[in-house]
Every structure is written in structure tokens, then in C-alpha cells.
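Below you'll find the structure, written out as C-alpha cells, and then a few comments.
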Amino acid sequence: MAIHNIIQTTEQSKDYYFKDLAISVVKINSNPTNGLLPVTAPKVSDKTRTVQTWIPVEPFLNVRGAEQKFGIVTYNSSQQFNVKNASIMSEVIRIEVVGRDIVNLKNPLKIRFPVNNYKNDSNKSYIYSCQYYDEQGNTWKTDGCNTTQINDTVVECSCDHMTPFAVLLVEVNNIDGQQWEILSYISYVGCSLSAVFSASSILSFIFNRNARAEVSSSIHVSLSGALFLLNISFMFSEWAAAWTVEEVCMFIAVTIHYSLLCSFTWMAIEALHLYLLLARVFNIYIKYYMFKLSLIGWGVPAVLVGSLLAVQQLTRPFYGTRNVTLSNSKVTNPVCWITEPLILYGVNLSYFTIVFVFNTIILITVSRQIFKLKKVDNKHKKIPVKDASTVLGLMCLLGTSWGLVFLSSGYTSYTILYIFCISNTMQGFSIFLWMCRTARPEKQKAAHTKSLSTVDTFTIEKQKESK
């Protein structure tokens, strides 16, 4: 690469000017006290705007020769970086170090770009976004970069790696500030109630001997435990993101991810148990059944999250502070969550899709069985309310309301978002009511049968009524 040759052959700091680009080669001879070296990017022509950079010196400590030098490249035109749906609003500059990829900087690189003014002639919302150019994928990405708008004409970018950078104008599909605040209140109130009722389910299970004898109750309380951990950690997400200690935010993000995967897994186990009860209503015996289910419910998510933590030691961190930009303001709302989009969508969405499809199939099977039994009963012409409530209860138990995520399109459907937010934060309450409903005295007579569940009891009652 010609730029690398120029950097290698330059002994001292020097500027080079060409038709399409300008290069400043900088050799670090001393260590700045604040760990950042201020450097002005070279101007290709008089029309080029001045871009200020602050280069972290940590990659250049304890190295020799060419590794003590870096180059700042300013391009005369952004044409070679233009991709579909990308509006570049600033100069494109590149930070280049010979023979090394500079990533995961503790002290981030800072670049202050003058930006183009834009006129919004549509009803869509736009913001400035600091992005870097992925030369392998020929696309612009935001990974590792944070955007701060200083004023209407200047944007500051903070990035944890050194690559080509620019400021792009992007359309915003995020939740506006007022809607975000309302949904936040609903989430916090719902999560608090869900945590309280999840804890109540756990305590009632501990002090109820009959409940402890039922496998179904053990599964219900395990799901309640996962939801309790998820709700508590979620409520600390914004608080931890406001701390300056990154390890705290990382811990909260890991806890949220683990408890979320545990919740999905236990929902799938609920469905599996229901299927076994339907297939072999009175004769289910699997040695160490609950122990094996617990290994799956708590162990599989632990392996996934543990693997991600091990892999991130070799790459950039997957967990930490993630900024959510509000569409009607320039303010970002930091939360503790997964920072890598590939992990966020590749792992979570794939995992949930499998669980959702499986649980939906089981729910349809159970519902058909319930209404099939109702058709056998000729004493009633209408479906009783308890039949419908049983199906609704199973929907909450299996977490099918989480499937609403597939119906939301870019945060545009606020109705679906409100239903999703309310229904899922109240899942702990729903499970508590379900456990209370199925703990009536006449149903506790079957507590000695470890495989008996609420579906068994419902089936028995229907068979009695049909005789």
C-alpha cells in the first residue's frame, strides 16, 4: 500500500500533498501528559475544512522504529466511500499505523469534524452519526464509535479503533423522547410488580410442601426465578450505565443477557413438559427428571454467555454501555447491554426464534386438546370462560407474547410496543396467578404424582364431566 510506504520511509514528522489526498506522517517523540496527542489533519485544498484529531499515545508506548509513527490521511473526495443509503456529511479521514490493527483503545481516539448543513424537506427525522468504513464489507458501521454534536456545524467522534472515519446523516427510526419516557415508566412499574410476584411465587413454593412435590410447580418457580433475575437486573441497567466504572455496567449487561436466555429456556421447558403430559398423561417417569431440566434451564445459557465472555478477551468487548439516541433530541440515553450487533441479533434472535416456534406449536396442540374435550361434552353449548382463561394462562406461561417483537417494524408501531412492554413486564404476575389457581385443595390431592400438572387436572375434570 502506497500510504504505508510513505509512512515507513519518512524519518521525521512531515506532510505530503497529492491531487486526491494529503498525508501527515507524525512521529511520537514524547508522551503527552493527558495521553492524547493533538494533531490537525492535513488539507488537500483550500476548500477542505479543518479536522482536529486527538490521537491516543497508548499504542505507541514501548515500541520502536516505524511503530512509533502514524499517518493521518485526508481525502479530497468521498466518492470512493459512497455506498447505498449513505450520506457523507464531512471530510473522510483515515488514521493509519503500519503493520498493526489498533483496536479496543481504553483512551479513545477523538475527531472533531465540521459538517454540512442539511435541509429536511420531509417528515422523517435525521441525525449525524460517527461511523467508520469497513473496507472488507464495503459498508459504513458504528461499532465502537460514539457521537457528540458540539453545535449545528461541528460533530465530535470518539472511537476505540483507528480506521477511515466520517460523519454520516442517517434516518432515525428510534422511539421519540416522550414515548421513551412513557414506556420507561411502564417498564419500571411492570418490572417491579413482576419481580415482587416472582419472589412471591418462589416463597410460596418454598413453604408449600404439596407444591414442592409437583414437577410442574418446580418448573413454574424456576421460570419465576429467571424472570426475577431479569427484572431486577433490567431495572439497574440505566443506573449502572451512568457510573464511570465500566466493570459494573458490564456485570449488569452480562446478568441481563444470562437471565434473558434462562427465561427463554425455561419457557421452552414449560412447553416440553406440557407436551410430555399430553402424550403420556398418567405415566411419565424420567430418572432425575427435574435435575436434568435444571441443567438445561440454567446450564445452556451459562455456556453461551461464558463462551461469549471467553471470545471477547480476543476481540472487542461484547458487553458494556450502549447509547440509545432519541429521535426528537440530540440526547443519547445510555443503557447496559450488548454492544456488538452481531451478538445482539445473531444469538438472541436465533435463540428466541427457536423457542418461540416450539412454544407456539405446543400451545396450538394444547389448545386443540382442550377444545376437543369440550366438544365431547354435550352438556354445554358454549365454551366456558375457564377454557379460554386456561389458553390465555398457557400463553403467559409459555411467553408467546414475546413474539410481538416480530410484529414491530422499526419502532413505528407504538401500539404493539405498549402491548409488548405491558404483557412481558407482567409475566411474573401472570405466573403467580396461575400457580395460585392451580393450588386449590381439590387439585392438591394429586400432589403425590410427581408428573401431574395443571393440564392433567384440567383433562381429568373434563373426562369426569363427560361421563
Side-chain angles (χ1 to χ4, degrees), residues 1-29 32 36-57 60 66 68-98 102 108-120 126-136 138-142 145-159 161-170:
M1 185 177 180
I3 295 175
H4 284 185
N5 292 334
I6 293 174
I7 297 174
Q8 286 178 322
T9 56
T10 302
E11 296 297 330
Q12 298 296 329
S13 298
K14 187 176 179 180
D15 295 336
Y16 298 89
Y17 299 94
F18 303 97
K19 179 181 179 181
D20 297 325
L21 55 84
I23 306 173
S24 284
V25 179
V26 180
K27 184 175 182 180
I28 297 180
N29 297 316
L36 293 174
L37 180 66
V39 179
T40 301
K43 299 175 66 174
V44 183
S45 65
D46 293 337
K47 296 181 180 180
T48 306
R49 291 167 294 188
T50 302
V51 178
Q52 298 290 340
T53 68
W54 288 264
I55 309 297
V57 298
F60 307 101
Q68 287 184 316
K69 295 181 293 184
F70 64 89
I72 299 181
V73 182
T74 303
Y75 292 90
N76 189 38
S77 172
S78 61
Q79 184 175 359
Q80 70 184 85
F81 299 98
N82 280 331
V83 296
K84 187 178 180 180
N85 299 327
S87 300
I88 301 175
M89 305 298 289
S90 69
E91 272 67 33
V92 178
I93 71 167
R94 174 195 296 269
I95 313 296
E96 199 69 46
V97 179
V98 178
I102 307 300
L109 162 73
K110 293 185 179 181
I111 309 170
R112 191 163 289 186
F113 287 101
V115 293
N116 301 335
N117 290 323
Y118 71 94
K119 184 179 180 181
N120 190 0
Y126 296 91
I127 59 170
Y128 293 115
S129 174
C130 294
Q131 300 192 20
Y132 77 95
Y133 188 72
D134 181 3
E135 295 178 303
Q136 294 181 347
N138 295 323
T139 183
W140 288 93
K141 296 182 177 180
T142 60
C145 288
N146 292 323
T147 306
T148 303
Q149 187 165 346
I150 305 300
N151 52 49
D152 291 339
T153 59
V154 178
V155 171
E156 183 176 280
C157 301
S158 299
C159 301
H161 53 281
M162 296 185 181
T163 46
F165 298 100
V167 176
L168 276 64
L169 187 69
V170 297

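Of all non-hydrogen atoms in Q8 and K69, the two that sit nearest each other are O-NZ, 3.3 Å. Across every non-hydrogen atom of N116 and S90, the tightest pair is ND2-N, 4.5 Å. Summarising the geometry of K14 relative to T10, their closest heavy-atom pair is CB-CG2, 4.0 Å, with the distance given to 0.1 Å. The minimum heavy-atom distance linking W54 with L109 is given by the pair O-CD1, 3.5 Å. Of all heavy-atom pairs spanning F18 and V44, the tightest one is O-CG1, 3.8 Å.
Inter-residue side-chain proximity for K43 and T50 is flagged as met; some heavy-atom pair is nearer than 4.5 Å. Between T148 and V155 the shortest side-chain heavy-atom distance does not fall below 4.5 Å. You'll find the side chain of L36 stays beyond 4.5 Å of the side chain of V57, heavy atoms only. Taking 4.5 Å as the limit, some side-chain heavy atom of K141 sits within range of a side-chain heavy atom of Y132.
Between the CD1 atom in I23 and the CD1 atom in I6 there is a gap of 3.5 Å [rounded to 0.5 Å]. Between the CD1 atom in I93 and the OG1 atom in T48 there is a gap of 12.0 Å [rounded to 0.5 Å]. In this structure, OH in Y75 is found 13.5 Å from CD in E91, a value given to the nearest 0.5 Å. Rounding to the nearest 0.5 Å places CE of M89 at 10.5 Å from OG of S78. A distance of 10.5 Å separates CG in N146 from CD in E156, rounded to the nearest 0.5 Å. For the atom pair CD of Q131 and SG of C159, the computed distance is 10.0 Å after rounding to the nearest 0.5 Å.
Under 3.5 Å, the side chains of Y16 and S24 contain no donor-acceptor pair of N or O atoms. R94 and Y133 share no side-chain donor-acceptor pair at under 3.5 Å. Side chain to side chain, T40 and Q52 meet the donor-acceptor criterion of an N or O pair below 3.5 Å.
Checked against the 6.0 Å centroid criterion, the rings of Y128 and F113 do not qualify as a close aromatic pair.
The closest donor-acceptor contact from the side chain of T53 to the backbone of V39 lies under 3.5 Å. Without hydrogens or angle criteria, T74 side chain to P42 main chain gives a donor-acceptor distance under 3.5 Å. Within the 3.5 Å criterion, the main-chain N or O of Q79 finds a donor-acceptor partner in the side chain of S77.
The SG atoms of C157 and C130 sit under 2.5 Å apart.
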TODO: Apply side-chain contact (heavy atoms from CB on, under 4.5 Å) to the pair L21 and N76, showing each step before the final yes or no.
DONE: CA-CA 5 Å; L21 55 84; N76 189 38; over 6 Å; no
Open item on the list: Could you walk me through whether I150 and R112 satisfy the side-chain contact (heavy atoms from CB on, under 4.5 Å) test, starting with their C-alpha distance in whole Å, then the side-chain angles of each, then the deciding distance to 0.1 Å, before giving a yes or no?
Closed with: CA-CA 9 Å; I150 305 300; R112 191 163 289 186; 4.2 Å; yes
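Open room surrounds NZ on K110; 12 or fewer heavy atoms of other groups in view lie less than 6.0 Å from it.
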